[in-house]
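Comments concern the structure below.
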Amino acid sequence: MSSFYITTPIYYVNDVPHIGHAYTTIAADVMARYRRMRGDDVTFLTGTDEHGQKIEKAAEAKGTTPKELADRLSAGFRQVWEKLEISNDDFIRTTEPRHKAAVYEVFRRMQAAGDIYLGEYEGLYCVPCESFWTETQVVDGNCPDCGRGVDTVTEASWFFRLSAFGDRLLAHMDAHPEFISPKSRANEVRQFIHMGLRDLSISRTGVKWGIPMPDDPEHVMYVWLDALVNYLTAAGFPNPGYETRWPAQVHVIGKDILRFHAIYWPAFLISAGLPLPERIVSHGWWTIDGEKMSKSKGNVIDPVAVAEHFGTDAMRYFLLREVPFGNDGDFSIARMVEMYNADLANGIGNLLSRTVSMVHKYRGGTVPAGDAADAAAAPVKEAAALLPSSFHTGLDDPQRTGRGLKFDEPLEQLRQLVWAANTFIHDSAPWTLAREGDDARLDTVLYNAVEALRVAATYFYPVMPEMAGRISAAIGLTLDPYAIDFDAAAHWGQYPAGTPLPAPEPLFPRQDLKTVPDHLTVKTPQENPVSDTSAETPAAQASDPPAATEATRDDYVSIGDFAKIRLQVGTVREAERVKKSEKLLKLQVDIGTEVRQIVAGIGRMYTPEEMLERQVVIITNLRPAKLMGVESQGMLLAAGADEVEALLAPSGPVTPGARVR
RNA sequence: GGCGGCGUAGCUCAGUUGGUUAGAGCAGCGGAAUCAUAAUCCGCGUGUCCGGGGUUCGAAUCCCUGCGCCGCUACCA
């Protein structure tokens, strides 16, 4: 019995659980259930990430404590997972004492290895995202993730010598080609490492809600160091015996947090002298009806609402069947209805229904004994025999699944089984046999049909645990998935004849697109878009706290703050493209007292020619910066959603240098 | 701009190390059957395998190039 430790990311409590979170967690759950069936000693971990300034502020705005807020939100996640039949063995919270102990021990080891030092950090900080950005990362003075303003922060900071780990990380990837999948993601990681890693600031001073740095209570542990260690914590680290769990076999993650898991985390572990996880499997994002999920569009899908309408199992089935793992996918109710009807209602659902009702109609509700070696049933038997290996090839073999996990292989094989069984019934025409009184043959057909359902239920279990149980019950059995031998369960002819069946009832009633409610989206419309749609942790977050109404007051600035920013009108005297740049224009702007050189990212909307003699608004007291090696002495104001759409300018001629107020 | 990937039937995608007339599901059309959730079963695709070159006895599969899309990354003060 081998140990199988699989994790989801820990989700930031401040976020509302959506279809992306559900997808990650369901995928991990299916793996966990499958490995339990195989007889592995599975530890399936999920949990919540609860520290950070965002929670601190949200709590303050709500007049509560961060802990109380986190308690409530974390419980919300637990409820969602319960509803979605998530079979996690442990649920970790970063606010637990056991976690603090683990973080300290990891830190102590990293320090002992000489990879920690005290330095000074100056950076631009985005409070909502709790992320530092370099000057080159920031977009128009705003956070590249969430688009909100950043503050310049200088502080003493502890650093991790990440720069020293590039070669070791690459060597590990060379030696373990299955370490990161899909392969394209591994390539991205390599590329990122090749460009050179910079030391990582791992402490913050402005934040109180977090794990204090050892011996330096002014600092709090950087969220990612705090968060990633959860995987060790849950394994029992640093207590004796954690080695039976660690290293984890699989970290399931969304592509947005790849870098943290594929670079930072392994580097931390190498430094601390701990083994690396075996596989990091990254999946794609869901769009909704072809559009990016965002709160402003109000199209963020609530997995619980979907589960309530279609059934949890149907949703689980859809998510895994619709999209090859690793690819981005599109969630549309129309597709969901289509697949539900084709595979579930018309497929397994109808197969069960017709079979059970024939047993009732022709045999008084008791499954007769029949010939399991019947020649006509051979194709069904063969389809069943391929089921175990479809799981093995789809989910076990990292070489073969270079794309990641392939849930579609076993699901396709199950579809084959259902199809073979339907064909068998059709060709055997039991209704004719009944009419003609061919009892022996009729018994055999019914027996084999029921046997097909027994096998289908067994192997549907990982994806549709509840339905697997109900199918089993409908054929008079009690499914005990973890008691069976996974491979042997497919062997034909195990159904115990003579079993009485309950009356048939539809397990998957047909769905009609017209009757699907249109409120399957989360109900808290926010003004800020969610930039990502998958599972993630804080640095990748862009959503607002539920307490947004109160919290936005924190965004107010005083008139004095505004006065600090000097806005002036200037006239463009010269304009040219910055060479080798896609959208940078180098402008010479006359502001009366002087001519400023401004580099602006407007090259997609404006040609240098049309900029000439145009009046523009610029910030003239912004710290100069270099872009593509060209100095910019200010910033030009423009507006647009993502890309610049239009410049800001006075509605009539103004003397160059005039203040904007 | 750099690096990587993708572009196969109306839709979603398979196509192993290049090898007979390129496949599946869904949708659509026609038929059969009637146990069943109007479900099932059978039959039906002349697709420029994005375009153009090339290597080869032979390429969707390898090389070059063009176009389109995507990801990461670098400049968007």
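Scope of the values below: all heavy atoms of this structure, side chains included, with no hydrogens, waters or symmetry mates. Because the structure is a prediction, the values reported are computed rather than measured. Chain letters run A, B, ... following the sequence lines, proteins first, then strands; residues in each count from 1.
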Rounded to whole Å, how long is the line connecting atom [atom1] of [X] with atom [atom2] of [N]?
| X | N | atom1 | atom2 | value |
| --- | --- | --- | --- | --- |
| Met358(A) | U37(B) | CE | P | 11 Å |
| His360(A) | A36(B) | NE2 | C1' | 13 Å |
| Trp285(A) | C72(B) | CH2 | C1' | 12 Å |
| Asp408(A) | A14(B) | CG | C1' | 9 Å |
| Trp419(A) | A36(B) | CH2 | C1' | 19 Å |
| Glu409(A) | C13(B) | CD | P | 16 Å |
| Asp427(A) | A32(B) | CG | P | 17 Å |
| Asp512(A) | A38(B) | CG | P | 13 Å |

Please report the distance separating the [atom1] of [N] from the corresponding atom of [M], rounded so that it comes out in whole Å.
| N | M | atom1 | answer |
| --- | --- | --- | --- |
| G10(B) | G47(B) | C1' | 11 Å |
| G19(B) | G66(B) | P | 28 Å |
| G52(B) | U48(B) | P | 11 Å |
| G45(B) | A9(B) | C1' | 7 Å |
| G54(B) | G18(B) | C1' | 15 Å |
| U12(B) | U46(B) | C1' | 24 Å |
| C76(B) | G68(B) | C1' | 24 Å |
| G23(B) | C49(B) | C1' | 12 Å |

Describe the nucleic acid contact of [X] in one word from base, sugar-phosphate, nothing, applying a heavy-atom distance below 4.0 Å.
| X | value |
| --- | --- |
| Met195(A) | sugar-phosphate |
| Leu352(A) | nothing |
| Pro509(A) | base |
| Tyr362(A) | sugar-phosphate |
| Ser357(A) | sugar-phosphate |
| Arg596(A) | nothing |

Just name whichever nucleotide pairs with [N], Watson-Crick or G-U, keeping both distances under 3.5 Å, else none.
| N | answer |
| --- | --- |
| U48(B) | none |
| G58(B) | none |
| C13(B) | G23(B) |
| C35(B) | none |
| C72(B) | G2(B) |

- [ ] Please determine, for the side chain of Asn350(A), which listed nucleotide (U37(B), A39(B), C41(B)) has the closest atom?
- [x]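 Taking heavy atoms from C-beta onward, the closest nucleotide is A39(B).
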
Task: Proximity to the side chain of Glu188(A) - top-ranked nucleotide from G71(B), C41(B), G2(B) - done: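 Output: G71(B).
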
Tabulate protein N/O versus nucleotide N/O from nucleotides 23-27 of chain B, keeping only pairs under 3.5 Å, one per line.
unit_1 : atom_1 : unit_2    : atom_2 : d
C26(B) : O2'    : Glu338(A) : OE2    : 2.9

Please state whether the phosphate of [N], meaning OP1 or OP2, lies under 4.0 angstrom from any side-chain nitrogen or oxygen of [X].
| X | N | answer |
| --- | --- | --- |
| Trp431(A) | C41(B) | no |
| Arg510(A) | A39(B) | yes |
| Arg435(A) | U34(B) | yes |
| Lys406(A) | A14(B) | no |

Task: Steps toward ring pair (Phe, Tyr, Trp, His ring centres under 6.0 Å) verdict (Tyr264(A), Trp224(A)) - done: CA-CA 8 Å; Tyr264(A) 296 0; Trp224(A) 276 103; 7.6 Å; no

Open item on the list: Would the distance check show the side chain of Asn327(A) and the main-chain N or O of Gly329(A) forming a donor-acceptor pair, the cut-off being under 3.5 Å?
Closed with: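 Not a single qualifying donor-acceptor pair exists.
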
Open item on the list: Quick check on RNA chain B: between Arg185(A) and Pro506(A), whose nearest nucleotide comes earlier from the 5' end?
Closed with: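 By nearest-heavy-atom nucleotide position, the 5'-most residue is Pro506(A).
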
Open item on the list: Both Phe192(A) and Gly347(A) contact RNA chain B. Which one's nearest nucleotide lies toward the 5' end?
Closed with: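 Of the two residues, Gly347(A) wins.
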
Just by distance, no angles: are the side chains of [X] and [Y] close enough, under 3.5 Å, to form a donor-acceptor pair?
| X | Y | result |
| --- | --- | --- |
| Asp590(A) | Thr571(A) | no |
| Asp343(A) | Tyr317(A) | yes |
| Glu412(A) | Gln416(A) | yes |

Open item on the list: Between Asp408(A) and Arg415(A), does any side-chain N to carboxylate O distance fall below 4.0 Å?
Closed with: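 No, Asp408(A) and Arg415(A) are not salt-bridged.
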
Task: Test item: Phe331(A) and Val323(A) side chains (from C-beta on) under 4.5 Å apart, heavy atoms - done: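 No - every pair of side-chain heavy atoms lies 4.5 Å or more apart.
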
Task: Minimum side-chain heavy-atom gap Lys381(A)-Asn448(A) below 4.5 Å - done: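 No; the side chains remain at least 4.5 Å from each other.
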
- [ ] Could you pull out all residues at least two apart from Asp438(A) that satisfy salt bridge (charged side-chain N to carboxylate O under 4.0 Å, His left out)?
- [x]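 Asp438(A) satisfies salt bridge (charged side-chain N to carboxylate O under 4.0 Å, His left out) with no residue once adjacent residues are dropped.
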
Task: Near-ring test Phe325(A)/Tyr23(A), centroid separation under 6.0 angstrom - done: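 For Tyr23(A) and Phe325(A), the ring centres are under 6.0 Å apart.
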
